Amino acid sequence: QVQLVESGGGLVQAGGSLTVSCAGSGRTLSGYAVAWFRQAPGKEREFVAAIRWIGAITSYTNSVKGRFTISRDNAKNTVYLQMNSLKPEDTAVYYCAAGRYGMDPSLYNYWGQGTQVTVFS
């Protein structure tokens, strides 16, 4: 069983930066892809970024390409999402998930509780 805990969310001004973290416990994240999803009030959960554990292959949704970077630290069993040039429309609860690589939430078996990111203008 994998437990995921997100941290690092908060309040940031538009144009600013924030890094959220996803720490795995209970079992190593090796062999799993890890993704970030987000859900804004009244909207469906949407894919943000994903990273394969081997080879560090990544993918991003179009709206965050060039602004967000997903990375992982194997030794710390942790995945990060660095967010730059934040916009008010990035405001959402950010969730990390572990499972098979892809953009579909159904590929991911394990989910964290989420961390709130609020971007104000």
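Quick caveat: nothing in here was measured; it's all calculated off a predicted structure.
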For the pair Val79 and Ile70, evaluate side chain to side chain contact (heavy atoms under 4.5 Å, CB included) and give the outcome as yes or no after the intermediate values. CA-CA 7 Å; Val79 173; Ile70 189 171; 3.8 Å; yes

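- Under the side-chain contact (heavy atoms from CB on, under 4.5 Å) criterion, Thr118 pairs with Leu11, Thr91, Gln116, sequence neighbours left out.
- Considering every non-hydrogen atom in both Leu4 and Cys22, the closest pair reads CD2-SG, 3.9 Å.
- Contacts of Tyr80 classified as ring-ring contact (aromatic ring centres under 6.0 Å, His included), with partners at least two apart in sequence or in another chain: none.
- To the nearest 0.5 Å, atoms OG (Ser121) and CG (Leu86) are separated by 12.5 Å.
- Taking OH from Tyr94 and OG from Ser7, the interatomic distance works out to 15.0 Å, rounded to the nearest 0.5 Å.
- We find the OG-CG distance between Ser21 and Leu81 to be 9.5 Å, quoted to the nearest 0.5 Å.
- Here OG1 of Thr78 is found 11.5 Å from CD of Glu6. Values are rounded to the nearest 0.5 Å.
- Side-chain heavy-atom separations under 4.5 angstrom define the hydrophobic clusters, and the remaining members of the one that includes Ile57 are Tyr101.
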Return all side-chain donor-acceptor pairs below 3.5 angstrom for residues 44-54, not counting sequence neighbours, or 'none' if the list is empty.
residue	atom	partner	partner atom	Å
Glu46	OE2	Arg38	NE	2.6
Glu46	OE2	Arg38	NH2	3.2
Trp53	NE1	Ser30	OG	3.3

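- Atoms CG and CE, on Leu18 and Met83 in that order, are 4.5 Å from each other to the nearest 0.5 Å.
- Of all non-hydrogen atoms in Gln39 and Lys43, the two that sit nearest each other are NE2-O, 3.1 Å.
- Residues Ser85 and Ser17 approach most closely at N-OG, 4.4 Å, considering heavy atoms.
- The side-chain contact (heavy atoms from CB on, under 4.5 Å) test applied to Arg100 returns Leu107, not counting sequence neighbours.
- Taking CG from Asn74 and OG1 from Thr28, the interatomic distance works out to 7.5 Å, rounded to the nearest 0.5 Å.
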Test log, rule side chain to side chain contact (heavy atoms under 4.5 Å, CB included), inputs Tyr95 and Thr115: CA-CA 7 Å; Tyr95 299 90; Thr115 186; over 6 Å; no

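- Here Phe37 and Trp111 bring their ring centres to under 6.0 angstrom of each other.
- Residues Val93 and Val34 fall into different hydrophobic clusters, defined by Ile, Leu, Val, Met, Phe, Trp and Tyr side chains chained together at heavy-atom separations under 4.5 Å.
- A heavy-atom distance below 4.5 Å is not found between the side chains of Thr61 and Phe68.
- The salt bridge (Lys or Arg N to Asp or Glu O under 4.0 Å) analysis of residues 54-83, with sequence neighbours excluded, yields the pairs Arg67-Asp90.
- No single ILVMFWY cluster, assembled from side-chain heavy atoms under 4.5 Å apart, contains both Leu29 and Tyr108.
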